[in-house]
Each structure stands twice: as structure tokens, then as C-alpha cells.
Q: 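My questions all concern the structure below.
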Amino acid sequence: MITEALVLSAMIFVLGTFGVLVRRNAIIMFLCIELQLNAVNLAFIAFSRLMGIDGQVFVFFVMTVAAAEAAVGLAIIISVFRHYETVNVDNFKLLRW
Amino acid sequence: MTTLLDFVSYSDWVLHTLIWMPILGIIPVLWADEQRVKHVAFWWSAVVFILSLGLWWAFDPTVGGMQMESATPWIESWGVSYSLGIDGISLFMVMLTTFMASISILASFNYIQDRQRPFYALMLILEAGVVGVFLATDLFLFYVFFELTLVPMYFIIGIWGGARRIYAAIKFFLYTALGSLLMLVGILYLVYRAKMFIGAPTFAYSDLLQVPLSGTEQLWLFGAFALAFSVKIPVFPFHTWLPDAHVEAPTPGSVILAAVLLKMGTYGFMRFLLPLFPIAAQHPVVVTTMLVLAVIGIIYTACVAAVQSDAKKLVAYTSVAHMGFVVLGIFALNLNGLQGGLIVMISHGISTGALFLLLGMLYERRHTREIQEFGGIARVAPWFATAFVITALASIGVPGTSGFIGEFLALLGAFETHKVLTLVATLGVIFAAYYMLPMVQRVFFNPLDKQENREIEDLSKRELAILAPLCALMIWIGWNPTPLLDRMEPSVQVVLERLDEAILEDQARVGDEVNEPQVVDGGQE
Amino acid sequence: MIEVLFYVFAAVALGGALGVVWAKSPVGSLLYMVATLASLACIFVLLEAHFLAAIQVIVYAGAIMVLFLFVIMLLNLGHDYQWDLKGGAFSLLSFVIIGLMAGVLVRQFGENAITEPTAGGRAIDAALAQHGAVGAIAQSLYTTYVVPFEITGVLLLVAIVGALVLAKKGGR
Amino acid sequence: MIIDFSRQLHYVWALLPEIILCVSGMVILVVGVTGRYREAHLAVEEELESGRSDDLGWLALLGLLGAALANAWLYGVTEVGVNSMIAVDRFRLFSNWIFLLAAVLGILISFAYVYRQRLQAGEFYALILFATAGMMFMVGARDLIVVFLGLEVMSIAVYALTAFNRRDRKSAEAGLKYFLLGAFSTGFLLYGIALVYGATGSTNVAVIGEIISSGEGSRSLLSAAVALLTIGFAFKVSAIPFHMWTPDVYEGAPAPVTAWMSAAVKAAGFVAFLRVFMVGFGDHSIYALWYPILWWLAAITMVGANLIALVQTNIKRMLAYSSIAHAGYLLVAITAANEAAAAGMLFYLLVYTLMNIGAFAIVMSVSHHSEERLYIDDYVGFGWSQPLLGVFLTVFLLSLAGFPGTGGFMGKIYLLLGAAESDLWTLSVILVLTTVVSYWYYLRIAWVMWMKDPETEGQHDRIIVPLPMRFALLVSVGLILYIGILPSGALEFARASIEGLGTFGGGLIGQGP
Amino acid sequence: MYNALGISVQGGQATVETAAQFQPFFPGLIILLPLIGFLINGALALRHAQVSASAVRLGGELDLDEGGHLPATHTLPSYVAPGVMLVAFLIASVNFARMLSVELHDPHVIEYWTWIATGAFTVEAAIQLDQLSILMTMIVTGVGFLIHLFSVGYMRDDAGYPRYFSYLNLFIFFMLVLVMGASYPLMFVGWEGVGLCSYLLIGFWFSDREKSDAGKKAFIVNRIGDVGFLIAMFLLFGMFGTLDFVPLFSQAADLEYGSRLVTAVTLFLFLGAAGKSAQIPLYVWLPDAMAGPTPVSALIHAATMVTAGVYLVARSSVLYALSPIASATVAGVGVLTALFAATIALKQNDIKKVLAYSTISQLGYMFVGVGVGAYAAGIFHLMTHAFFKALLFLGAGAVIHSMHHSLHRTNNHQDPQDMRNMGGLRTFMPITWGTMWVATFAISGIWPFAGFFSKDEIIWQTAAFGGAAKAPYPMLYQVYWVIALVAAILTAFYMTRMMVMTFHGASRTGVEEVKHLHESPPVMWIPLIALALFSVVAGWINVPEALRETFIGLGPLTGEWLHHWLEPITEQAHHIQELNLGEVAEQAPFGGGEVTWALVSTTLALVTVLASFQFLRRQNVKVAAEDTELSGLSKVLYNKWYVDEIYDRLIVQPLIKSSRFCWKVIDARVIDGVVNGVGWAARALGFIVSMFQTGTVNMYAFVLTIGALIILGVSVF
């Protein structure tokens, strides 16, 4: 079951990656990143079944970080939205080349 | 004289002074007001030159190795030291540098009208850098100075140059930097080897000479070093930066560039390339390649020079041809060749420097360098024409001038080892006349058919003061080069002995490998 | 039994993840996300991480996702049913890439397939038995990991400050 | 004083600089919120010049001073054991100097900008301090959890700082890009940490190192872990192809933030990268695994960044690519993975901080402490109308280019010496060749400002260099030249800071790809 | 260790003791005096040039006639320049006399200072006094003095008067270095130095583009030869380790006869000689060199410099004797040149051109002489030729001077050198007419004039060499002999033609112009008389023994005095020849001894002169302006066989074109193209790579992911 959990984590991870690659909506991209973080959490917990409690502690920290990131990230999205009236990243092309 | 020099313990401080005094000169130059700055700069550099004159007497012509050596640890953990020394190879380069630096500062009085202070400051930095290149006996120090000369020259060309100055400046900079950076890797490799061999990293020239290198290593390192120096010289396919840089540079810049900066390359060949990588330097393929490039440089650039319409560009191309003779002499790998190369370096420094000065003076009068624009100037400016003709003759190596001695010896030396190539190179003598005389004719002779040319002024007193010592030197060296040759010979001998020894050692090593392959135990190691 | 449960939850989690990527509207994605989070919490439980499972539901699914929802509502994106996936070739290529990546990762996991809980796992069981789900984590959190724990405090402060500065309306 | 972490209080001593920074950050926040509100009036030139405009900035500097004192104090502290979560070694302390220096310089040059752009000074400086603390956590950590948390503290603060200028849509856009990609890459880093944990059962790099050299630990997991960690760190140090955010963020972020983060964030990334890889994955068996990856990463980064930098017209963007190129040079040191290379990296980071912030400081002056006149063509005639600034910028550029007489040159030599120790000759050649390429774009600014004749007169006449910025410039130029001419002190310092760092995997002779 | 042959490198010190009897009389002064003259005149010239420059700047010319009396810059050189020459000549004479009085076998070498010393190679700045060099010194200073004197009159009105004399003095200086230098390098200094002065003097009126071009051409063509000289020196250094004459020649005798190395050396030396002495294929510069002032043509391009090649071969006689191939080449080139130039001279209308081709032709004879091993004969002809050709040129100069004046006065822009515009000058210039006829007889080889003895000896020696017992290529030498005879007849013809066209027949100058024709002032005709005297008597110093025996009492002098005088120089060569070739023949190929053929040739010459005189006098010569186009062979001859055009087409134009190609294509396109192309490519590449920077986060993440995948893949597999 541990290996299965790891495989599941890998799949969720790549799905999150996929989402970041193909979605244009900044919020959904961020959600996909959260998906990645959850995959990591799953991996940690699976490993902690082998290695001890440290993995679980780590997950605790990851969740905190996720929360912090969510706060700042969403604030940035709001801030961008104020300038562009959209969250579609294709429109943010002021900076390029 | 010697007593006086001893009294002031000249040998102890002169080398440091020659480097640091020009740098300190920045302070008064930047301090002085705009009208007087040129005089300050000139007298400052003149004092440096006068100080360097003492070397003539203080230098012991019987000693082949480094003299007046001093070494102060600089970056101890890397084995870098601030160590200076002078020998017969660098002696004249240093004196040439201090001399040409003050001459070219004197020559910029009229040419440089605005932004004088930075200009003269840069000139002094440049002088210090070049002197440093010739005096450094630590490869790190050498490299630092080698690169350091680029920056002032870059700005001198780029700020005070002609219309395409930026292109020329950046081309000059990138071209030479490319070579020297690869050399840097080479130096570091050498140092790394030294660290393995000696146990501690060291950049000291004398230590690096001890490092045993295999043939392949030598070839690679030779390539890295040779590229750097070849670009600087420049040797044939790497020469295209030179015409651009020369044409666009202001007169004093061209003078310094031609007179001393190019010499850094050939000096590097003699000082570093041959002694450090003697096996590679004597490898037939390497020698032949370098000689072929030198010969191509001589003939090809002479041809290209002959069809130039811009007088300055013409002279720039001739520099490549002249430096070809130097390379030819160096890779003759014998006494005549090396000394000939050195004399060509000195002679080229003086004569081509003087040519650039004269063309600069002409430019100041007519604001053009197109040969077509001139004609018959000898009639209104006889002194000018006389000086130019003398210089041109020295440049093409007419006997009785310095140019002949060098080219003759270089060719003589090269002929001993490579007959056919030297034969072709000797044709350069014809080509020299082929490019120089038409230019002289079209500028100074022919009908005086343009009104603008009628108004050309003859040389002023200052200009005469610039040119007279140069012309005198060209002729003096042409008739009596022995004092110079005497001082060079022991040092050149040292280089040659190093080459011979290396070959012997290499043969011994190869012999050991061939004769005693059965020795398995580490007794010998 | 546990295995079956695991596969069920895994399927839901995967489906949810797919939904997050696939859903047209942000709100839809969000809801799929909540589903994934919930099923992952269940898997956490199966892997003996009870406390974290609770946190997952309370903090993640509860707080963070609500924050997202707030923002979506704030920006009035809730009715945005525009399909915003990138173009076909790009997506296809991306899919190939992530497929390969998954393949690599799965291959690595498969190489040392461990099914039985080892010494570490037994230690967790012991700790759970001794301190309970909360205590087991708290034990190391406040002893071994006290420094990181303090750093999270700074982290959250930074996040608050950052969010405050950025989300504040207009200029001064 | 001896620290063995037998008591919790030891953590306080060991983390004293960080704690001081965090506390002063909080103080600034409080002061910023409660403090007297300053109305920006138009006749501000004098106030701008004197640097009196921002008390909070001075407060932040005070905090940095405190942290610096604490950092100096830590030199007197002896650490017992090398497996503790917090390292009290010279490596960390040297890195701390870099961050403190970057923060000091960054704050010194941002006074006028903050004032002109009416940024919220309290939050601004506090975030810089928090980020600096985060960097310190990151490099002082021997535990991947702390590395990760430090990195997040730093990153989140920097995301916020990037998007800090709410009036500027570029700033917001840059913030978003940075945030999304940063978080994305954090996922990879985290996954890597998870796999390391799965392979070795520990998150302590020293323990990981021991486990790996004892031959335990799942190699299949480790190889994937190393790759994922490389990705995560490569993103932070902006190695190609993980660099995409860099130019956009550097261009969009407020100029002082760019100046500061281009030096400090990169330094933090590199130092952590080095510690994790050298101490954790320093064993020969695993070095052989990541050595070729980093080799190629370094090569591609050097080549690509220098090439793209050639075609930039915006100076901030050009400096961004230049910073990527410098990341390439620094990656050579990590690839070499030996003592000299590590010391060289520290040394280079120190010099890089000075010269990069210095260059940005002048860019800020030219742009009138706002986001205008950032194109290279705007520098026409700059040198002659502001000679001193021109000379300074030239020195910074020459140093960035690695020219003799400047610290950049010594740094590059140190990197090359490190590469030499590991026989990385091809990489060395790539390094110098790309350096030649870099000369072009550095010198381009020099030629634009000195050699081109301006079309409009007097466009640089109204440049204001506030007192704090003057101070910063003088310090950077002075230090760069000092290090460039007499580097021994700094070199020895960097070299001594490496001692006892851990095992070194470098020196695999002849293992070039 | 750097000497390939292991021979120690020393100067000619060994000889100093043996020549103890010979007391040189300030020999250094001979060289130094012209140099001093040059410096004084040069200073005056520069001073004067400044004055004239300010006049030019104002738009006019400095007219010396206007001022009434000449400035010091013009009066002083009149004394200084001939003065130093006279003193030098006197010192040379004293030395000559002293050498006559003692038996000097080995050369007397005087070292002044070490010129070049590299450790592997040493050359002293030394002069060598021996029979050959003192003879040459006498010729150079003596003829030089006369020509200087003539120039005082001839150049009087020229604005560049002091400059002219400074060049002339400098030339003498270098010429003396050439003949007195004790080593090849020193000789080379003089060698190129005279070339340089020749360049300066040909282009003396540099405002004229053609004259300037002529000087340039002379220099460049000379340099082609100089390369040969240089290479020969390199070879010699490789062989002997020294380039000083004395040790070199003493070692040379040990070389293998006919070895390839010697042949190479001598051929390269001959290339140098051919350049300097205007032999095929490098003769083209000499006719153009007539652009210089006529006394210059007399001094440099007839009497002294152009004979330096002969001197070189004679000096290196030991080497040439060792190489039959080279000797045959020398003689062959000489005889071909003699014939070829003579044919061209037949149809020239410019009086100086005729003389120029005649000079080339006579130089050919000299080379025939040294080529057949008759080194003394070559030198002999050199000497007599110096007298009569200098005379001819000076006479021509007098004519041109007179013509120029008359045309100038009447504002006629005809060419004063074109013989078609002359005719009947005899009545106006009797002294010139008379002395020039003397020279014409001399050059045609008519007894008892000097040319007879010298030229006839060369022709005879050719015949005799062809019949030598072991002669290498007997047939070849017989052909040479026949050609030499033919060329001699041609010589007589074109010289007579010149004399007739200039002095006889009706005057074609024009009615008004005739009134201004006049004889030259004394300062100009005194040298003519002096040279005429020498042209008559100079031959008698070397009367062949055979002739003396046949015609008893023809002279009080001992027979073949010059041969004996030069014996120390040539004996080694003769010894080698005798060793390898045996005795020369007593009989010519078609029978007949020396006396017979001497009679034949002088008769032929005389008959030719008389017949052509009669024939040409009656011919109706048209004035240049009205002359018709030539056709057929005449046209080819008139256009000098189109050699200049061929050279231009084959060498000059391709060279210029390829130079342009090198510059425009190789330099600008290929090399700079690569250089700029690299820069351009780098930027283009940078631009392309930067295209990934689309600004969209998806793209960034995509690139990142690809990188991640690659790294993952690399590290896992």
C-alpha cells in the first residue's frame, strides 16, 4: 500500500504539473500547485510509514507553507486583477522577450 | 653614470617606479586645469622616460637571466606575487614604451582638443599597463597587465576616435580579450600542474618553468597562449581588428597601439611561449604553421596594404606585415632570428609609430586621410616630406635604417631552418616597396594640383621635436645596432638553451621509455 | 479491506485531480479540489496519519479552499465558464511530458517496492499508542522541530504582511 | 561559548542574528503602522538627497547592524557536533555577511525610491529584513525542513516585494509570474525532499551524507531525489532552463528590490544548494550522478544567458540575463564541488553582491528613482554629464565582466581555480568564451555612455544621488577595487569559511562528459 | 655552435699584417667626404625648400632669375658638391698611387666598428682596399667629379639645385660604400642606397607624375633584384658562417666545382646584379630612369650604379668560376640583353632613350665578359664605358640644355629631347659635336678608341671560351659570340643614327628657335673634353698581348696592364677555371686568331659607321609633330617589343587585381565576414532563444518542466 500511495502521489503530482502547464486561469494554476503540494504530502506520509514520525511533521510544515502561499498568492492575484481586470495569464505580456 | 645610479640605488626602485609613477600621474593630470593638463602629462611621462633611460647603464649586458628582480607576495594562497624583473628581451620594450608614450603624449597636443584630462589619464594608465606587461615575472601579474591595457585603449579609440570608432573599439576589445581569456585558462592549467608538481600553487614564471609537461599538454597550452599572442600581434587570420582599430583610433592611440601594444604579443612569444612550452614550440608542425602564417602575413597584408585608399589603413596593414617578420624571426628558433625579431619590434615601434604620427599631423592639416586627396605636398612642406620619406624608408627596411637590420637578421635566422618559406618571405621586401612608395609618391610627390594642399603648413617646432629623435633613432640603429644586440644576446641565449635542453630531456625521456620498458617496480619514481 | 478502501479513495483523489485540471469554471475546479483533499485525508488515515488527516480537512479543505473561493467571488470569476486550456499541440506535448515524468517517477518507486511497515512504521505505531494522534506529532514538533516551528511563525507573519500590502486597495 | 544544543536556549544563541532581524522587522512594522504619516511634498530634492526622508530605513539598518554584531559574535562560539539542525559554522556566517551586506546596500539605495514611489516604508523594510532572516535560516540549516522553511520565508517575502509597487502593473505582473513559477518549482523541491527522506529516512543533510556514504539508502529514490532537488535549487538560482521568470521579474520588480534580490536571493540559493549537495550528496557515488547534470546546466546557463543578454535593450532585463550568466559561472563551482570551488563561490557571491547592487544603484539614479529611462539608449552621454557616476558604473560593469583590477576578476579566477582542481577544463573554456560574449553587452553600456554623442543635451542633468546611495556606491566601488587589487584578505576569509563544511565529492579527475 | 659548417667567424684581420707595406691614406675620408657634402647640401636644400615652399603656398613658383643674384643656397653647393668629390678623388688617387707602388696581394681591410653582432653572426663596418675596389673608387670619384662639375652648369637654373647636389653626394657616398665595403651586407647597404638615390634622382622633378612613376618603378624593380642578393647572402651565410669577403672567398676555393649550392648562390647573386645592371628581364626600369636630370643619367645610369652588377660578379668571381651553369647564364643573359637592347635602340627618337638602350646593351657586354670568366675584361669595359657613356650622356645633356633654352625662350612646347626636332646642331655646338663623335667611335669599337680594346676583348674571350678544352657548353658560347658580333654592328649603326639625326643634316628646330641655340658654358664643356680624352686613351691600359706583339710600338704601356693589376682578385677564379676547363682556345670557331678577329670587328664597325652615315645623312627626317605612324617591325621596335605592356598585363595588373581581391574579398568578406558573422550569429541565436520568453506563465512552466524531465531522465537512466 505504501508503494501504491507513492504511485498515487506521483500521479497527482504530474496532474498538478499538467494543470499548471495547460490552464490559463491564474487561480486554477495555483490550485494545481496546491495539488502538487498535496501529492508531496501524500509521499511524505507514505514514507513516514517506513521512516518514522518526521515525515508527518514535515507535512505539517508543508501545510503551513501552503496556507502562507495561498495568502500571498491570492493577494498577488487580486493585485494583478486590479490592473488587468482578468486572471488569464495570457494577458500578462507586458514583460517578455 | 653607473656610479651615480648605484648611489641612488637605482636598480632597487626603478622597475616599480616605471609602473606606478604613470599611475600616480593620474592625480596631477586630473587635478590640472584644462589648458595645462597636456603639459603636465607630457612632463610626467617625460620624467618616466628619463628615469627609464638609466636602465641602459644599470642593465648588466653580460647576464642572461632576470635582473633587478623583486618579488612581494600578493595573493599568497594562490601563489601570486608582485614580482618584477627585466632582461635583455624586455629592456628595450620597456624603454620603447616609455619613449613612445611620452612622444605620443606630445603628439596629442593639437589632436586632442576636448576631454583632455581623461585622455591623458588614460594614456598614463596605458603606459603603466604596457610597462607592467614587459616587467612582470609572475604570470598572474602579467595577465592582469595584459588585460589592463585593453581598457584604456578601448576608451581611447572609442571616445577620441573617428566615425566608426565604436565598431573598431569593440572589435579590438573582443578580439584581443578572446585570445587572452583562453590564455588565462592555459595559465591556470599550468598553475594547476605546478601545484601538483611543486605542492603549492604558484604563478611565478621561474617556478612554472620547472613544471614538466607532456607533449600533448604542451601543444594544447601552446595553442591557448599562441592564440592570445597571435591575436595581439596580429598574425594573419586574426588581423582584421588591427586596420579598423588603427584607422579609427586617434593619432596617439594608433602610435601606442602600433609601437608597443602589438609588441606585447611577440614579447609573449619570446618570454612565455618558447620557454614554457619548448617541446611544442619546436614541434615541426607548430613551427611550420607559425612560419606559414607569418609568411602569409608578410605577403598577403603587403598586397592588401598596397591597394588601400586610406593612408592610415595602409600603414596599419603594413604593421601586420612587419610583425610577420618578427614571428618569422622568432620561429627560426635561433639567435639570429630571435634577435632579428627583437630589432624588428624596436624598429617597427619607432618607424610605424612615426608614420602614424606623420599621418596624424597630415590629418590635422587636411582632415582627410584619403591618399587621392593629396599630392605634391613635398613642395609646400619639405621638412614634412623629408621626415616622412626617411620614416617610410626605415619602415620598408632600406639598409642604413633600423628596419633593415631587423628584417635581415630575422630572415637570416629563418633561412637557416626553413629555406623555402624564407624565400617567399624575402619577397616581402619587394612588396614593402610596392605598398609604401606609391603612397609616398601620391601624397608627397606628383603635381600639387589641389588648392587645399597648397595651404598645408610645414612641421612646427613641436612636431620637429617629436620626429627628430625618432628619425635619428631609425638611422642610428641602422648603423650601429650592436649596443642593442649585445644587451639582448645573453637573454636570447637563455631562451635558446631552454629549447635545446627541453629537446634533450624529451629525447632522454622517450629513450627511457623505449629502452627500459621492463622496469616495473617504482624504484625510479 | 484497507486496500479496497485505499483504491476507492485513490480513484476519487485522482478523479478529483483530473477534475481540477479539466473543469471549466474556477468554482468547479475548486470543488473537485475539495474532493481530492478529502479523499487524500482518508488515505492519510489509512496510512496512520490521523492528526494530519484532520488538519487536511480542517485547514486545507476548510480554510484554504474557502480562501480561494472568496477570491474567486471577490474577482467575480464564479460565472466564468470559458474554457481556458492551452491549444491542442501544447496540451498534447505537455501531456506527453508529464506522462514521461510520471513514468520515470513510478519506475523509481517500483524499483524498491516496500509493502510492509518497517522499523520507522512500527515506531509510529508505538508513538500513536503512547501519545495519541496529536501527541505523537506534538512530541517531535516541540522538541526536535522547535526551530522550524518557530520559523513558521515568521513565515505566517510574512505572509500576512505581504497579503496585507498587496491586497490593500489603491494607493495611500 | 560552546553550543551543543543540549538546551533549547542554545537555539536562541545560534539563531541570534536571525532573531534580531525578525524582531527588528516586527518593530519596524509596528512603527510603520503607528508612526507619523509623512506627506510627500514636491520640493523634496533636498530631503531626497540627504536621505532623511525615511526614518524606517535607518531603523532597518539599525536592525541589520544588530544582526551583524550578532553574526560577528557568533565567531566566538564553538559548535559541538556536526549533525545539529542549525549549523554554527563559518560557512553560514560568511554567507550571513553576504545577506547582511546585500540588505544594507539594498536598503541604502531604496530610500529615494520608496519615497518617490510612495511605497509603504514599514512593510517594505520589514519584508526585506524578514527575507534576509529567511535566507539566513536557509543557509544556516542542516535540516531540509529548515532549508525549506527558510526558503519559503525568503520567497514569500520576495514575492510580496516584487509585487510591492501597487501603482505599477509591471510590478504586479512580475509578482504573479514569480509567485506562480516559484510555487511550482517549490513543488519539485519538496518532492525531492520527500524522496530524500524516503530514501534515507532523514532530513538532516549531515545524516543523509553519512547514510549515503555508508552505502545505505535507496539509489533509485535518491537519483530521482537528486534530480528534483537540482530542479528546485536551479530555479532559485535561475539556471537555464529554469530561468524564465528571472528577466520578467527583474524587469518588473521595483528597482531596489531587483538590485537586492538579484544578489541576495541568488546567494541564498547557491549557498543552500552547495551545502545540501556537498554535505548531503558529497559522496563520490552520488557525485557521479549529479556531476554531469550540473555540468550541462552550467554550460547551458552560461551560453544561453550570455547570448540572450546580447539582444536586450532594457538595462534591467540585460542585468537580469547577466545575473543568469553569473549563475552559470557559479554553477561551475558547484559542479567542481571541491574546497577551492566552494570558497570561490562564496567569494564570488560577495563580489557579485557588491557589483550588482552597485550597478543597479546607478540604474536607479538614471531612472530618477522610478521606472523610467531604463533603456540602454537612454544612457547616451551619461558618462560625460555625470562623470563620477559614469566611472562608477564603468567599474561595476568591468567587474561584472570580470576584468583585472576589479573584484569580479578575482572571483572569476577563483571559480576557475576551483574548476581546475576538478579538471573541468572544457567548462573553464566555456566559461571564458562566454565571458568574452558578455564583454559585448557590458561594454555596450560603456560605449553608449562614453562614446556616443547625445542627441539631446542635458537629459542627465537632474540626476539625484541621495546621501545613503552615495554611501552605498562608495562602499561598493571601494570594496570592489580593494578586492580587485588586494584580494588576499577576502580570499583567506572565504577559504577559512569553508573549513569543516563537510565531505567534498569534487576532484573526480577526468570524469568529464 | 650556430654555424652550420663549424667555421669560426672572423673578419679579415689575418690580412692586415701581410699588407704592412701598403699605407692607406685616410681611406675613410673618401667615403666620409661625400657624406659631409650631402649633409651640408641637404641642410641648404631644406632651408631653400622652406623659402620656395612659401612662394608655392602663395600660388606661384620661386623664380631664381628674377632676383638678379642667386641666394647662398644656390651658390654654396656649386663649391661644396664638386669640391668634396675632387678631394675624394685626390685621396683615392693617393691611395691608388700607394697601392701601385707596393705589391699588395691580400686585400687591406680597415675595420671601424662592429656593425651587427648577434653572437651567431658578426659583420664589421669595414672597408676593403684592394685593386678592384680602388679602381672602382677612382672611376666613381673621378667620373663623379666631372659630372658634378657639369651639373653646376646644367642644373644652374633649377629650383631644386641644392637638393640635387645633396642627392648626388649621397649617391656617391652609397656608391663608395658599395665598392669599398668589406662584406656582402655592407655592399648591400651601398647597393640599396644607390638604388634609393637613383629613385630620388629619377623622381627629382617629382611634380611630374611620369617622372615620379619612373623613380618608383626603378626602385621596385631594383628591389626584385635585391631579393636575389638577400637570398644569396642567406645561402652564403649558411655555407660559410660569415659574409666578409676575405674569409668567405678563402673558404670558397675549397668548394666542389659546379655544386648546386654554389650555382644557387651565384644565380641569386646574378638576379641582384641583373636588377641593378638592367639586364633581361629586369632592364625595364632603366629607359624610364631617363626621366631624371641628364647628368644623373650619366653618373648613375651609365657610369657607376648600373655597373655595380658587373662589379658584384667580378667581386664574387671565385663563386662564379665554380659554377659553369651560372656563368653560362650570366653570359647568355648578357649577350641577349646586348642584342635585344640594341634592336630597340635602332628605332628610338628620344636621344636619351637611345643612350639608355645603348647602356643596357653595353652592360650586356660586360656581363658576357664576366660570364665567360674574363672578369678583368668585364671590369675593363666597365671602366671605358664609364668614360664614353658618361661623355655621351653629358653631350646629350648639353644638347638638351641648349634645346631646352631655345624652346623655352620661344615658348615652344616641343620635346627638347626628341632627335626629330634637332638636326644640324654641329654648327651651333662644335665642342659637343666633336667630343660626342669621339665617344661614338669608342662605343662602336673602332681602333684606337677605348671601346675597341675593351669590347673586342670581351668578344674575343667569348669566342676563346667557346673553344676551351673542357668548356661546358661550347656551342652555346659560339652562339653568344655571333650574337655579340651582330650586336656590335647594331651598336655602330644606332650610334651613327643618333649622331646624324642630332648634329648633321638640315636643322629641324624651327626658324625662331635656331637663333637661341648655343654652345654650353665652359663648366659644362670642360668635363666633356676631359672625358673625351679618357675615351681615347683609357683603352691603352689593357692592350692585349697579341695585339701588342702584332703592332709593335702601338703603346708605351705594358700589355694587359689591367689584367695584371686585377690579378690578385681574379687569380683564384682563373685558377679554378684552368683546373676545370683547361686552357682557352687560341682560335675562334671559324678560324682566325685574336688579331684577325680584332681587325674584322673594327673594320666591320668602321664600315658600318661610314656606310650608315652616308645612308642616313641623305634620309629625310620629319619633325616629331609631323612624323607618320610606324608599322611592322619598326613599330614593334619603336614600342620596345611591347615589354612594358606585357609586364603590365602579366604581372602588374594581376598583382593589383589579386591585391584587391585579397582586400575586398578575403579580408573584408571572408575573415571579417567570419568575425562579424560570429557576432551576428551570436546575437541572432540570442534573439531566437529569447523567443521562448513569450511572457506567458504557461510557456515558462512548460520550459521548466521540459528541463525537469530531462534532468530526471538523465539522473535516473
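Protein chains get the first letters and strands the later ones, always in sequence-line order, with residue 1 at the start of each. Keep in mind that what you see is a predicted model, and the values were worked out from it rather than measured.
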Q: In terms of ring plane angle, is the pair D:F382 and D:Y379 parallel, tilted or perpendicular, where the classes change at 30° and 60°?
A: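 Rings of D:F382 and D:Y379: perpendicular, over 60°.
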Q: Below 4.5 Å, heavy-atom pairs only: which of D:I485, D:T394, D:L431 has the largest tally toward chain B?
A: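 When all of D:I485, D:T394, D:L431 are compared, D:I485 has the most.
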Q: Which bit of D:L416 comes within less than 4.5 Å of chain B, counting heavy atoms only: side chain, backbone, both or neither?
A: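 For D:L416, the contact with chain B is made by backbone and side chain together.
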Q: Give me the ring orientation class for B:Y82 and B:W20: parallel if the planes are under 30° apart, tilted from 30 to 60°, perpendicular past 60°.
A: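 Tilted: the ring planes of B:Y82 and B:W20 meet at 30° to 60°.
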Q: Heavy-atom distances under 4.5 Å only: say whether B:L184 touches chain D with side chain, backbone, both or neither.
A: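 Just its side chain gets close to chain D.
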Q: Could you check which of B:Y154, B:W74, B:F155, B:Y143 has the highest count of heavy-atom pairs closer than 4.5 Å to chain D?
A: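 If we count pairs closer than 4.5 Å to chain D, B:Y154 comes out on top.
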Q: In terms of heavy-atom pairs under 4.5 Å with chain B, which of D:G402, D:P487, D:G405 leads?
A: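 Going by pairs under 4.5 Å, I would pick D:P487.
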Q: Measure up the D:W384 and D:W450 rings against each other and bin them: parallel (under 30°), tilted (30 to 60°), perpendicular (over 60°).
A: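 Answer is perpendicular, since the angle exceeds 60°.
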Q: Identify which of D:T435, D:L398, D:I413 forms the greatest number of heavy-atom pairs closer than 4.5 Å to chain B.
A: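 Of D:T435, D:L398, D:I413, D:I413 has the most heavy-atom pairs under 4.5 Å with chain B.
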Q: Quick one: does NZ or CZ of B:K232 land under 6.0 Å from the six-membered ring centre of B:F146, within 45 degrees of the ring axis?
A: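 Yes, a cation-pi geometry.
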Q: Can a cation-pi geometry be assigned to B:R115 and B:W160, taking NZ or CZ under 6.0 Å from the six-membered ring centre and within 45° of the ring axis?
A: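 Ring-cation test returns no.
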Q: Please say whether more than 12 non-hydrogen atoms of neighbouring residues, nucleotides or ligands are located less than 6.0 Å from CZ in B:R117.
A: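 Yes, the 6.0 Å shell around CZ holds more than 12 heavy atoms from other groups.
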Q: At a heavy-atom distance under 4.5 Å, which candidate from B:I170, B:I157, B:V191 has the highest pair count against chain D?
A: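 That would be B:I170.
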Q: Under 4.5 Å from any heavy atom of chain D, what part of B:P118 do you find: side chain, backbone, both or neither?
A: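 Side chain only.
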Q: So which part of D:F409 gets closer than 4.5 Å to some heavy atom of chain B, the side chain, the backbone, both or neither?
A: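 For D:F409, the contact with chain B is made by the side chain alone.
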Q: Return the orientation label for the D:W440 and D:W447 ring planes: parallel under 30°, perpendicular over 60°, tilted otherwise.
A: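 Perpendicular: the ring planes of D:W440 and D:W447 meet at over 60°.
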Q: Between B:E147 and chain D, which part of the residue has a heavy atom less than 4.5 Å away: side chain, backbone, both or neither?
A: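 Both parts, backbone and side chain.
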